[in-house]
Amino acid sequence: KLQADPMARDLTSVELQFENELRDTFIGRAEIKKELQQLFSEMRHERELRRRGLALNLREPGKHMVFVGNPGTGKTMIARSLGKIMKKLGVLSKGHVVEVQRGDIVGEYIGKTAQLTRSAIERAAGGILLVDEA
């Protein structure tokens, strides 16, 4: 049985909502808007393939992004905004952002790094894990 999928229900309203969120959130950041529009298009396409049973070789979606820039250029703000947008669109179940620094995920002894990293990933489940200044 298929679950209700907000990205498949009424593409016109979802696309309109997404475009409005981009316009209102990322004012003057054309490159970011373009990248996010491409990401949304890919996710919508993958979900439609799954819905039709044609996604035989597609893995579950896992989107990894790298925000690069000097301190104060808005990388964290973009991640937070992206979490909210993706939550509203039903892509993420929670949409929260878990921010960690290098010291939060690199251990002092062998084996500790894996534990710290796993813990950060578990806290970020359903949202976004932002590794800042690592």
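- With a 4.5 Å cut-off on side-chain heavy atoms, Arg29 and Ile78 count as touching.
- By the salt bridge (Lys or Arg N to Asp or Glu O under 4.0 Å) test, Glu42 pairs with no residue at all, sequence neighbours left out.
- To the nearest 0.5 Å, atoms OG1 (Thr73) and CZ (Phe67) are separated by 11.0 Å.
- The shortest side-chain heavy-atom distance between Leu130 and Gln101 does not fall under the 4.5 Å cut-off.
- With rounding to the nearest 0.5 angstrom, the OG atom of Ser81 is 9.5 Å from the CG atom of Leu36.
- Between Glu122 and Arg118, the closest side-chain pair of non-hydrogen atoms falls below 4.5 Å.
- Across all non-hydrogen atoms, the minimal contact from Ser93 to Gly126 is OG-CA, 3.3 Å.
- A 4.5 Å side-chain heavy-atom check between Leu82 and Met65 finds at least one atom pair inside the cut-off.
- Hydrophobic clustering, with ILVMFWY side chains joined whenever heavy atoms are under 4.5 angstrom apart, groups Val97 together with Leu39.
- The minimum heavy-atom distance linking Thr117 with Ile105 is given by the pair OG1-O, 3.3 Å.
- Considering NE2 of His96 and NZ of Lys87, their distance stands at 11.5 Å, rounded to 0.5 Å.
- Contact record, Ala124 with Leu129: CB-CB, 3.7 Å, taken as the closest heavy-atom pair.
- Taking 4.5 Å as the limit, some side-chain heavy atom of Leu92 sits within range of a side-chain heavy atom of Ile128.
- Across all non-hydrogen atoms, the minimal contact from Val98 to Ala120 is CG1-O, 4.4 Å.
- Val68 has its side chain out of reach of Lys75: every pair of non-hydrogen atoms, C-beta onward, lies at least 4.5 Å apart.
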Exercise for review: Could you walk me through whether Arg80 and Glu99 pass side-chain contact (heavy atoms from CB on, under 4.5 Å), step by step?
Suggested key: CA-CA 10 Å; Arg80 289 179 184 149; Glu99 299 175 46; 2.5 Å; yes

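- For the pair Val100/Arg123, a side-chain contact is recorded, criterion being any heavy-atom separation below 4.5 Å from C-beta on.
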